[in-house]
Amino acid sequence: MAHSQNSMEFPVNINTTQITTAYGHRALPKLKEELQSEDLQTRQKALMALCDLMHDPECIYKAMSIGCMENLKVLLKDGNSMVRIKTTEVLYITASHSVGRYAFLQHDIVLALSFLLNDLSPVCRGNLYKAYMQLVQVPRGAQEIISKGLISPLVWKLQVEREEEFQELILDTLVLCLREDATEALGSNVVLVLKQKLLSVNENIRSKAAHALLNVSISREGKKQVCKFDVIPILVHLLKDPVEHVKSNAAGALMFATVITEGKYAALEAQAISPLLELLHSPMTVARLNATKALTMLAEAPEGRKVLQVHVPTFRVMEVESHEKPQVAEALQRAARIAVSVIEFKP
Amino acid sequence: MTSALTDGTSRAPSTYTYTSRPRALPCQRSRYRDSLTQPDEEPMRYGNIMYDRRVIRGNTYALQTGPLLFDFDLEVKPVLEVLVGKIIEQSLLEVMEEEELANLRASQREYEELRNSERAEVQRLEEQERRHREEKERRKKQQWEIVHKHNETSQKIAARAFAQRYLADLLPSVFSSLRDSGYFYDPIERDIEIGFLPWLMNEVEKTMEYSMVGRTVLDMLIREVVEKRLYMYEHKEETHRSPEPEDEPGGPGAVTESWEASEFPEQSMSQTQGLLLDGDYVQRTTYDRRSSQERKFMEETELLEQDEESAMRRSIEEEELS
């Protein structure tokens with residue numbers, strides 16, 4: 001039997017990169033003190049320990065209540081890049097939890113983070129984008145980012161960043177921000193930037209860019225800009241993309257853009273009807289839904305109606321099909337019914 | 001010190017697991033630290049055999065193969081349990097965190113899709129409504145314009161009919177009023193009026209003047225004759241002093257009386273004098289209107305008057321004398 005006696009030696013430190021955390025509720029206060037220490041190593045080690053601790057939401061709450069956030073904000077401006085990287089990582093992990101997001105909003109961390117957008121270290125920037133992406137998962141976070149005026153810098157960064165991973169992260173952020181409020185983004189030429197990204201090689205970027213365009217064209221101004229910059233032909237081209245989710249997002253963007261008359265005729269000119277009809281048989285439900293809606297929009301124009309009158313049986317089939325989730329099935333059926341009624345409309 | 005091991009085993013408390021709280025142990029080690037510069041001493045110096053290098057998995061591969069220090073496999077279990085438990089707890093936290101996020105995102109996305117499709121529908125209907133409304137507005141405006149034009153046209157027609165009727169009456173009235181004010185004249189009549197009649201009047205005047213002149217001349221003749229006769233009479237009277245022919249006294253008397261009247265306008269005479277006054281007045285007025293020809297007559301008559309005045313004075317003197 002082992003007897004648990006303490007040795008006279010200090011225990012072996014298995015992880016030299018981390019500082020030894022105190023036990024229980026003493027951990028965080030001690031870490032906070034160490035964060036403020038003058039020694040660089042201590043700070044770094046403390047940050048590493050903090051990273052591990054922050055996965056627990058209760059810890060985050062505790063950290064907030066003792067005021068760790070202020071320390072972290074100070075550390076963001078630290079000279080050493082390692083410190084900054086670790087701090088941004090801590091903040092990223094914090095933002096994954098709702099308590100953490102609340103902490104972000106309380107302590108105005110978004111603004112402090114934004115100073116690091118032009119940081120030299122790519123890892124640091126990557127963590128920053130990840131933190132933002134986690135933040136905007138809730139509408140309140142997205143509003144915060146918009147109100148701090150960070151959309152234009154983000155759009156600019158989207159153009160400038162070389163790393164595709166970073167581009168994806170920024171696109172994710174933008175997608176969710178644009179859902180909230182697109183006016184500022186429209187002012188900063190987001191449509192043009194997204195138009196470029198639509199033609200990217202990476203399928204994730206294409207799909208996310210199409211999703212972003214979908215959100216942009218919800219507002220009237222966005223629709224007009226989408227038509228003005230001739231994005232619709234590119235979207236129609238994307239409808240023939242091999243990747244499913246790209247197609248569904250492109251169909252969604254078209255669905256919104258064709259509400260206005262210009263959009264309708266631009267789409268008709270770009271021969272959008274046949275790819276959309278193919279999309280009706282796609283395995284993804286959302287693709288089918290979007291395609292149905294887009295075809296409904298197009299059927300309002302007389303030329304579209306003429307072409308679609310032949311395809312009414314397809315919609316009738318859709319009306320009776322079922323899906324495992326009742327809501328989705330109902331939505332599909334309703335969409336198909338509306339499409340049929342629009343196609344067969346006689347003045 | 002030496003019996004630390006056996007003492008330790010005999011006094012071992014219940015098994016230590018990962019849930020057990022730390023306890024303060026009774027001090028089982030030497031009060032004073034061994035100096036670290038004595039590594040060659042007996043291994044029993046170390047309180048914790050865990051850190052003793054010579055013990056491998058509970059077995060000291062020492063010369064005396066005695067009983068094992070401890071059974072590794074048995075002892076390792078709780079330790080492992082603690083370790084693994086802690087690791088799994090931490091990783092569970094992390095994995096759950098991610099899973100939660102993934103679930104959240106998935107449900108959000110689903111909701112988003114449905115919402116998007118509904119939104120698109122709403123926007124389509126809105127757009128339709130807007131188009132219909134605009135169309136209605138346009139049609140209404142068109143209709144209003146048509147009605148307006150219609151009204152205007154009918155008003156114009158009414159105005160034109162009225163104006164025509166009014167003007168139809170106007171023309172004859174204008175003509176009649178013009179004719180009444182004499183703007184339409186018969187040229188012959190006008191010509192007669194303008195040309196002929198004045199000439200006629202002129203001629204009539206001339207003729208009358210001629211007769212006047214004739215009369216005046218006659219008057220002068222008569223006067224001359226009378227003067228001569230008077231002179232002859234005076235001559236004869238100076239010689240004979242006899243009355244003269246009968247037909248003359250009335251005449252010269254009348255003449256002298258008339259001259260008296262003319263010389264003394266304040267003396268009002270008989271009708272004949274009045275008449276002669278008128279005749280003189282007419283003469284005078286005609287003299288005024290006449291030319292130099294008549295002025296000569298006038299001078300002569302004035303001369304005659306003067307002569308007759310002197311003659312008259314003489315006659316008066318004579319009458320007074322007689």
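First the proteins, then the strands, lettered A, B, ... as listed; each starts at 1. Any value given below was found using the heavy atoms of this structure, including those in side chains, with hydrogens, waters and symmetry copies removed.
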Bottom line for Leu214(A): the part with an atom under 4.5 Å from chain B's heavy atoms is side chain
task = May I ask you to check whether over 12 heavy atoms, not counting those of Tyr61(A), lie within 6.0 Å of atom OH?
result = no
In terms of heavy-atom contacts, Ala120(B) and Met297(A) come closest through O-CE, 3.1 Å
Whatever's closer than 4.5 Å to a heavy atom in chain A on Glu100(B) counts as neither
| task | Report yes if some heavy atom in the side chain of Glu98(B) is under 4.5 Å from a heavy atom in the side chain of His55(A); otherwise report no. | result | no
ask   = If you count the non-hydrogen atoms of other residues, nucleotides and ligands that lie under 6.0 Å from CD in Gln142(B), is the total more than 12?
value = no
Tell me whether Glu110(B) contacts the main-chain N or O of Val328(A) through its side chain, where contact means a donor paired with an acceptor under 3.5 Å. no
Query raised in the report: CD of Glu118(B): more than 12 outside heavy atoms within 6.0 angstrom?
Result: yes
Of all heavy-atom pairs linking Arg124(B) and Ile338(A), the shortest is NH2-CG2, 3.4 Å
Go through the steps for Glu113(B) and Arg288(A) under the test salt bridge (Lys or Arg N to Asp or Glu O under 4.0 Å), then give the verdict.
CA-CA 11 Å; Glu113(B) 287 156 16; Arg288(A) 281 190 296 211; over 6 Å; no
Gln123(B) and Ile218(A) have their tightest heavy-atom pair at NE2-O, 2.7 Å
When you compare the side chain of Glu112(B) with that of Val286(A), does any pair of heavy atoms fall below 4.5 Å?
no
* Any chance CD of Glu58(A) has more than 12 other-residue heavy atoms, nucleotides or ligands included, within less than 6.0 Å? -> no
Here the gap from Glu127(B) atom CD to Thr258(A) atom OG1, rounded to the nearest 0.5 Å, amounts to 10.0 Å
- Is there a donor-acceptor contact under 3.5 Å from the side chain of Gln137(A) to the main chain of Leu104(B)? no
